[in-house]
Amino acid sequence: MINYWLMKSEPDAFSIDDLKRLKHAPWDGVRNYQARNFMKAMNEGDMVFFYHSSCSPAGIVGTAKVCKKAYPDHTSWDINSHYFDPKSTQDSPRWFMVDVVFVERWPSILTLAELKKSPELADMLLTKKGSRLSVMPITQKEWEYITVILKK
DNA sequence: GCCAACGTTGGC
DNA sequence: GCCAACGTTGGC
């Protein structure tokens with residue numbers, strides 16, 4: 001059984017076009033426990049909505065697939081990295097990442113405003129006020145509704 | 001750039 | 001374990 005997820009990235013830092021060009025990439029830099037725990041629960045083959053955040057407009061811009069299960073995020077050990085965390089060690093890594101592979105770039109963005117209009121998506125963490133989780137689960141129903149009904 | 005909402009830290 | 005202070009996220 002596959003699971004479904006949504007992952008946020010600031011397009012200035014890493015966009016769907018970057019992933020398309022690279023084909024696959026590590027999802028590094030997650031420094032939130034809840035988001036980390038969701039990544040640890042991912043399996044190869046799980047599907048991902050690629051979401052552009054902190055831009056105008058924000059929204060889903062395509063899909064990707066998990067191609068490598070969670071493993072330690074080495075940027076947490078790199079003292080020169082923006083994501084360095086002295087509390088993360090080789091023996092006891094605190095942060096993890098998965099690899100994702102590009103699947104599809106949608107012709108146009110499905111904006112957060114549009115997602116919020118759908119009563120079918122009212123339970124999504126994404127559409128909840130104040131939610132700022134960067135990795136979150138999506139139900140199969142939500143995935144199908146978005147890809148079949150709303151996808152641009 | 002603003003600021004509401006949230007997560008984390010650290011003193012007690 | 002509580003909670004104030006602080007830093008960050010992210011939509012607008």
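The shown structure was predicted, so the numbers you read here are calculated from the model rather than taken from an experiment. Throughout, protein chains are lettered first and strands after them, A, B, ... in sequence-line order, and every chain is numbered starting at 1.
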Interatomic distance where CD belongs to E10(A) and P belongs to dT9(C) [whole Å]: 8 Å
Ring-face cation contact, Y145(A) with K141(A), 6.0 Å cut, 45° max: no
Between T75(A) and R31(A), do the side chains contain a donor N or O and an acceptor N or O under 3.5 Å apart? yes
Are F50(A) and W27(A) an aromatic pair, judged by ring center distance below 6.0 Å? yes
Once you round it to whole Å, what is the distance between P of dT9(B) and CG of N32(A)? 11 Å
Is K116(A) near enough to dC12(C) that one of its side-chain N or O atoms lies under 4.0 angstrom from OP1 or OP2? yes
Grab the CG-C1' distance between L6(A) and dG10(C) for me, whole Å please. 14 Å
Quick tally for nucleotides 1-8 of chain C: nucleotides whose base has a protein heavy atom under 4.0 Å get B, sugar-phosphate-only ones S, the rest -, giving ------BB
I'd like to know whether D99(A) forms a side-chain hydrogen bond (donor to acceptor under 3.5 Å, both in side chains) with Y71(A), so could you lay out the CA-CA distance, the side-chain angles of the two residues, the decisive distance to 0.1 Å, and finally the verdict. CA-CA 9 Å; D99(A) 286 359; Y71(A) 60 105; 2.5 Å; yes
Rounded distance in Å - CD1 (I60(A)) to C1' (dG11(C)): 16 Å
For dT9(C), does OP1 or OP2 lie under 4.0 Å from any side-chain N or O of Y51(A)? no
For the pair made of CG in L133(A) and P in dG11(C), what is the distance, rounded to whole Å? 12 Å
Enter the distance from D28(A):CG to S81(A):OG here, rounded to the nearest 0.5 Å. 7.5 Å
Whole angstrom value for the distance that separates P of dG10(C) from NZ of K129(A): 17 Å
Could you state the interatomic distance from CG (L115(A)) to CZ (F49(A)), rounded to the nearest 0.5 Å? 8.5 Å
Between dG10(C) atom P and K128(A) atom NZ, what is the distance in whole Å? 17 Å
